[in-house]
Amino acid sequence: MSPDDRYYITTAIAYANNRPGLHTLYEVVGADVLARWHRMKGDRTRFLTGIDEHSVNIAQRAAELGTTPKAFVDENVALFKTAEDALLISPDRFIRTTDPDHIRAAQEMVRRAYANGDIYVGDYEGWYCPAEGFKAPSDVLETAQGTRCPNHPTVDLQWLSEHNWFLRLSAYQERLERYFEEHPDFVQPDYRRNEMLGFIRGGLEDFSISRSGASWGIPFPIMPDGSSAQLSDGSWNPEAGTIYVWYDALINYVTGAGFPDDKEAFERWWPADLHVIGKDIARFHTIYWPAMLWSAGLEAPRRVWVHGWLLAQGERMSKSLGNFLDPVDVVRTLGPDGTRYVSLREVPFDRDADVSWDSFVRRYNTDLANNFGNLLNRTVSMVNRYLEGSRPAPSRGSLQVAWMHALPAYREKLEACQLSEALAALWDFVDKANREVDLEQPWVLAKEAKAGVEGKSEYLGHVLGDLVEACRLIGLAVAPFMPTAAPRILAQLGYEYSYGADGNGGAPVLPLLEWEAGFVPGGRVAAAEPLFPRLETEAATPAAG
RNA sequence: GGCGGAGUAGCUCAGUGGUAGAGCAGGGGACUCAUAAGCCCUUGGUCACAGGUCCGAAUCCUGUCUCCGCUACCA
C-alpha cells in the first residue's frame, strides 16, 4: 500500500449545516474500517475526518436563527460527534476549518501559490443574491419572473462582476494528464478515473479562490498589489476578502498532516495514502487539489477513492427529502457493530445502492444472527457440552484449506476499498464452516466417542478445534468492521484480544490471521452467549420509518 | 448534443465464444450442536429488441429502445 509503514487516510469534511444522516457518515465508517485495518496490521496510521464550517450559507443560516456562525457550527459539530461516537468512529484528529492551524495552513497555501505565480486578480461574474452572495449557475432557478435564488425566491438576483483571485488551473493541464497516466490507480474506481481524465482533456479553466463580500471565512492573506493583508494589530484587512471554498476545505488534508507548522509531522504523513470522498466532489479532489498542491511545491495524494450514494427507493438519501436514516436510531437497533457491518455489506463501496430498514434488518439477521452468530454459538456450545469447555487444537482439514483461499481474497478486496466484497469473501468462509458442522455431525461423533468407538474422541476434537479456529480467525479478521464484537467473539473462545478501542496497540494482525498461528493450548471457552440476537422485522422498524 | 457505462430468475448482481449462475426472497425434506438458526433439495429466466459473423453468441459486430454517470466554480 504505502512504501513505508505509515498510512494516512482522510474522509471529506462534512458541511456543518445540520445533524448528520447515515448517508453522510457512511463514508466515514468505511474510512474508519480501513484505518483500523492498518492500525491492526501495525502501520503507523493517521485517520483524519472533520467538518467544513465556512461559507455564506452557514452565516446566513446562523443569522436566520439569531445566532452567530461559530455558535451555530458548534452545535452541529456536537451532533456529528455524538453520531460518530455511536458508530465507533476513531479519528486521530477531528479537524474543523475554524481551527487556528487550519486557518494558517490555508493562508500559507495561498501565499505559496502567489509566490509561484499561479494566482492572479481577475473578474468573477455571475448571479448574485443580495441575501446570500454569488450563486453558481447550477444553483439558480429559471422562472417566469426571471432567474431566482431557490432560497430567496422573492429577491431580485443581480448579475454582478467582482474582482477575485483566480488559480491558474489551466497551467496544470499537461501535468495532470501525465499524473493520471503515470498513476493509473490515482483515482478509483476506474470509471471515475476515466470521467476525470476526460474532463481534463476537455480543457481546464482557471477558477476563483476568493470572495470579497463574505465575512465568515478565512481572511485572504494577500492584497491585490501582492502585499500582506495583515494589519499592524495582527488582524486582517477586510478589503482583501476571504478564501473561497476549495482553498479552504481541501486544505484540511495538509493541515491534518501538520502543515505548515509541524514540518516533522508533515514530512511523515504527506502525501496522503488515501482520500475517501463522495462522487459529487471527485473533480475537486482529483483535478483542483493536485494542482493546488503542486503550486505550493507539495506532492499530490497517492489515491482517491470515490464512493456512491445511499439511496432510498431509488432516490438519494438527503435531509431535504427526509428519506434518511438517523445513525443513532440504527445503532440503537442493530448495535454499533451491526450498523457498521450492514451499511458496508449492503452497499458496494464504489456505487449507489438502495437501502432500507427492511434490507438492513434482513442482512443483520441473515449474516450476523443466523450465519456467523449462530456458528459461534453452536461451536462454543458444543465445546462446552462435549469437551467440558476445554478448547481443542485445530487440525489440518478442509477448513484450513478454505481459509488459505478466504484470507487472501478478504485482504485483497479490503485493500482495494471493495468493502462489501471483502465481507462477502469472509462470509463465504462462514458458510463453509456451517456446512462443515452438518457434514461432520459432532453430536454423532460425541455419542460414538462416549460409546468407546476407536478414534472418535480424537476426531471430535479435530472437528471442534477447526471450528473454534475458524471463529477466531473470522472474529479477528472482521474486527475493523466490528470493533466491539471482535473482543467479545475472542472472549467466548477463551482468547485474549490485544487491540485497543481504536485498533492500536496490539500485535501485528497478519501473522495472527494464519491458521493455527494464534492457537494457545490449554485454554477454555466461555459460556455460549448469542452475540447478535435475532431481530423481528416489525419490532425493529422505527415508527418514523 | 458529446464522451462513457448498463439492460441476465421476484430483488441485488456475477458470468466476454462451447449445454444459463450466486445470494436474498418463495416451496419441500432430513437432522438437532445452535439465536425455530444451520444443512440438503427445489420453483423461477425466448440473458432489452432486431439483424449479422460463427459449427456454436448473454458473451463479437450493426441498428433500435430504455436507464445511468460525466459534461466546471454547492458546502
Side-chain angles (χ1 to χ4, degrees), chain A residues 12-18 51-58 61 97 124 126 132-140 150-151 164 166-167 169 190-192 194-209 211 217 244-249 279-284 287-288 306 308 314 345-348 351-355 358-359 362-363 365-386 420-421 424 427-428 430-431 433-446 460 463-464 467 528-535:
Chain A
I13 48 175
Y15 193 32
N17 66 340
N18 211 327
I51 295 287
D52 188 5
E53 308 188 39
H54 293 127
S55 86
V56 287
N57 294 320
I58 294 281
R61 184 79 188 117
T97 54
Y124 178 83
E132 202 173 329
F134 275 97
K135 305 291 292 182
S138 59
D139 201 25
V140 293
N151 301 329
N164 283 324
F166 282 74
L167 177 76
L169 183 64
D190 285 343
Y191 74 101
R192 294 294 176 199
N194 293 339
E195 286 174 0
M196 293 304 110
L197 195 48
F199 185 87
I200 295 168
R201 287 177 173 151
L204 298 176
E205 297 170 12
D206 299 345
F207 64 95
S208 60
I209 66 165
R211 282 292 182 273
Y244 182 59
V245 189
W246 303 113
Y247 254 91
D248 179 347
K279 63 184 186 180
D280 52 337
I281 50 179
R283 196 171 65 233
F284 309 113
I287 298 173
Y288 286 24
V306 183
R345 180 65 186 83
E346 277 293 285
V347 186
R351 60 190 164 193
D352 299 354
D354 251 303
V355 301
D358 198 49
S359 70
R362 189 163 50 222
R363 178 65 75 176
N365 279 338
T366 300
D367 286 12
L368 297 184
N370 298 351
N371 290 353
F372 178 59
N374 187 51
L375 172 68
L376 176 71
N377 195 239
R378 67 201 305 209
T379 297
V380 173
S381 293
M382 286 189 286
V383 172
N384 276 314
R385 184 188 281 221
Y386 301 141
S420 66
E421 293 182 35
W427 253 251
D428 281 346
V430 171
D431 293 341
N434 267 320
R435 284 196 298 274
E436 196 72 4
V437 176
D438 288 83
L439 185 69
E440 299 292 356
Q441 304 185 86
W443 49 94
V444 173
L445 294 172
L460 173 62
V463 170
L464 294 181
L467 290 169
E529 185 187 342
L531 257 187
F532 303 105
R534 192 179 162 80
L535 299 169

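Numbered from 1 within each chain, the chains take letters A, B, ... in sequence-line order.
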Could you tell me whether Asp431(A) and Arg435(A) make a salt bridge, using a distance below 4.0 angstrom between a side-chain N and a carboxylate O?
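Salt bridge absent between Asp431(A) and Arg435(A).
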
Would you mind classifying the nucleic acid contact of [X] as base, sugar-phosphate or nothing, using non-hydrogen atoms under 4.0 angstrom?
X	answer
Ile13(A)	nothing
Ile58(A)	nothing
Arg363(A)	nothing
Phe199(A)	base

Are OP1 or OP2 of U71(B) and a side-chain N or O of Arg283(A) less than 4.0 angstrom apart?
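Yes, Arg283(A) has a side-chain N/O under 4.0 Å of OP1/OP2 on U71(B).
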
Considering just the side-chain nitrogens and oxygens of Asn434(A), establish if one lies under 4.0 Å of OP1 or OP2 belonging to A37(B).
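So the side chain of Asn434(A) is outside the cut-off, no N or O lying under 4.0 Å from OP1 or OP2 of A37(B).
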
Rounded to the nearest angstrom, tell me the gap between atom [atom1] in [X] and atom [atom2] in [N].
X	N	atom1	atom2	result
Ile200(A)	C70(B)	CD1	P	16 Å
Arg192(A)	C68(B)	CZ	P	14 Å
Asp358(A)	U12(B)	CG	P	14 Å
Asp352(A)	G5(B)	CG	P	18 Å
Glu346(A)	U12(B)	CD	P	12 Å
Leu376(A)	A37(B)	CG	P	18 Å
Ile287(A)	U71(B)	CD1	C1'	11 Å
Asn194(A)	U71(B)	CG	P	14 Å

Euclidean distance for [atom1], [N] against [M] (whole angstrom):
N	M	atom1	answer
A58(B)	U8(B)	P	15 Å
A25(B)	C11(B)	P	15 Å
A22(B)	C40(B)	P	12 Å

Tell me which nucleotide among C40(B), G69(B), C73(B) gets nearest to the side chain of Ser208(A).
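For Ser208(A), the side-chain atoms sit closest to C73(B).
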
Shortest side-chain distance from Asn371(A), nucleotide among A14(B), C73(B), G38(B):
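Between A14(B), C73(B), G38(B), the one nearest the side chain of Asn371(A) would be G38(B).
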
Would you check if there is a donor-acceptor pair between the side chains of Arg534(A) and Asn374(A) at a distance under 3.5 Å?
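The answer is no; no qualifying pair exists.
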
Using 30° and 60° as the class limits, which term best fits the ring planes of Tyr288(A) and Trp246(A): parallel, tilted or perpendicular?
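It falls in the perpendicular class, over 60°.
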
If we only count heavy atoms from C-beta on, is the Asn57(A) to Asn17(A) side-chain gap below 4.5 Å?
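Not in contact.
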
Kindly indicate whether the side chain of Met382(A), heavy atoms from C-beta on, has any atom under 4.5 Å from the side chain of Leu460(A).
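A side-chain contact is absent here, since even the closest heavy-atom pair is not under 4.5 Å.
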
Answer yes or no: side-chain N or O of Thr366(A) and base N or O of C24(B) forming a donor-acceptor pair under 3.5 Å.
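By the distance-only test, no, there is no pair.
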
Is the side chain of Asp248(A) donor-acceptor paired with the backbone N or O of Thr97(A) at a distance under 3.5 Å, no angle test?
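No; judged by distance alone, with no hydrogens or angles, the pair does not exist.
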
Got a list of protein N/O to nucleotides 32-36 of chain B N/O distances below 3.5 Å?
unit_1: C33(B); atom_1: O4'; unit_2: Tyr386(A); atom_2: OH; d: 3.2
unit_1: C33(B); atom_1: O2; unit_2: Arg378(A); atom_2: NE; d: 3.1
unit_1: C33(B); atom_1: N3; unit_2: Arg378(A); atom_2: NE; d: 3.4
unit_1: C33(B); atom_1: N3; unit_2: Arg378(A); atom_2: NH2; d: 2.6
unit_1: C33(B); atom_1: N4; unit_2: Arg378(A); atom_2: NH2; d: 3.1
unit_1: A34(B); atom_1: OP1; unit_2: Arg385(A); atom_2: NH2; d: 3.0
unit_1: A34(B); atom_1: O3'; unit_2: Asn377(A); atom_2: OD1; d: 2.8
unit_1: A34(B); atom_1: O2'; unit_2: Asn374(A); atom_2: OD1; d: 2.6
unit_1: A34(B); atom_1: O2'; unit_2: Asn377(A); atom_2: OD1; d: 2.9
unit_1: A34(B); atom_1: N1; unit_2: Arg378(A); atom_2: NH2; d: 3.4
unit_1: A34(B); atom_1: N3; unit_2: Asn374(A); atom_2: ND2; d: 3.0
unit_1: A34(B); atom_1: N3; unit_2: Arg378(A); atom_2: NE; d: 3.4
unit_1: U35(B); atom_1: O2; unit_2: Phe532(A); atom_2: O; d: 3.3
unit_1: U35(B); atom_1: O2; unit_2: Arg534(A); atom_2: N; d: 3.0
unit_1: U35(B); atom_1: N3; unit_2: Phe532(A); atom_2: O; d: 2.9
unit_1: U35(B); atom_1: O4; unit_2: Gly373(A); atom_2: O; d: 3.2
unit_1: U35(B); atom_1: O4; unit_2: Leu531(A); atom_2: N; d: 3.4
unit_1: U35(B); atom_1: O4; unit_2: Phe532(A); atom_2: N; d: 3.4

